[in-house]
Amino acid sequence: MTTRMGGRLVVAISPADVGRRVTVRRRVPGGFRDVVGELISWHGGVLAVRRRDGELVEIAEDTLAAAKVVPPPPERRGR
């Protein structure tokens with residue numbers, strides 16, 4: 001799914017990206033909210049993204065403003 005909105009905002013993910021790490025910006029009352037994590041599922045117009053802290057965020061497809069696949073997080077260094 002690729003949708004342009006307002007110039008530079010692009011939704012460049014699809015259900016084929018389930019299992020990949022994504023960043024998603026969605027419209028909420030009063031502005032936007034972002035989430036980064038693994039795209040767990042995309043069914044019935046709802047995306048499920050699992051954040052690094054384990055929280056599962058469900059996002060209505062019709063609120064997407066921008067989204068893309070991103071690389072894995074860098075490995076944490078030991079002390």
Side-chain angles (χ1 to χ4, degrees):
M1 168 180 203
T2 301
T3 304
R4 287 196 180 273
M5 298 184 65
R8 293 179 33 194
L9 298 179
V10 176
V11 176
I13 63 172
S14 73
D17 292 310
V18 168
R20 299 183 74 188
R21 186 169 181 253
V22 297
T23 181
V24 177
R25 175 165 286 179
R26 64 196 186 276
R27 292 180 300 279
V28 296
F32 296 94
R33 295 287 307 251
D34 296 335
V35 64
V36 176
E38 181 183 353
L39 181 59
I40 299 297
S41 67
W42 187 332
H43 297 288
V46 178
L47 292 75
V49 177
R50 176 137 355 250
R51 294 168 34 117
R52 178 175 54 187
D53 65 5
E55 178 186 1
L56 185 66
V57 179
E58 292 187 336
I59 303 165
E61 184 177 337
D62 62 357
T63 66
L64 295 178
K68 65 181 180 180
V69 173
V70 294
E75 291 187 28
R76 293 184 179 197
R77 292 183 177 183
R79 291 185 179 200

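Heads up: numbering here begins at 1 and tracks the sequence.
In plain terms, the two heavy atoms of L56 and A48 that are nearest each other are CD1-CB, 3.9 Å. Across all non-hydrogen atoms, the minimal contact from A65 to L9 is O-CB, 3.3 Å.
A salt bridge (Lys or Arg N to Asp or Glu O under 4.0 Å) check over residues 29-48, counting only residues at least two apart or in different chains, returns the pairs R25-D34. Listed by first and then second residue, the salt bridge (Lys or Arg N to Asp or Glu O under 4.0 Å) pairs involving residues 39-52 are R51-D53, R51-E55 (not counting sequence neighbours).
Counting heavy atoms from C-beta outward, L64 and L47 have side chains that approach closer than 4.5 Å.
Rounded to the nearest 0.5 Å, atoms CZ (F32) and CZ (R27) are 7.0 Å apart. E61 CD to I13 CD1: the interatomic distance, rounded to the nearest 0.5 Å, is 9.0 Å. Residue S14 holds its OG atom at 9.0 Å from CZ of R20, rounded to the nearest 0.5 Å.
Partner of R21 under the side-chain contact (heavy atoms from CB on, under 4.5 Å) criterion, chosen from V36, V49, V69, L39: V36.
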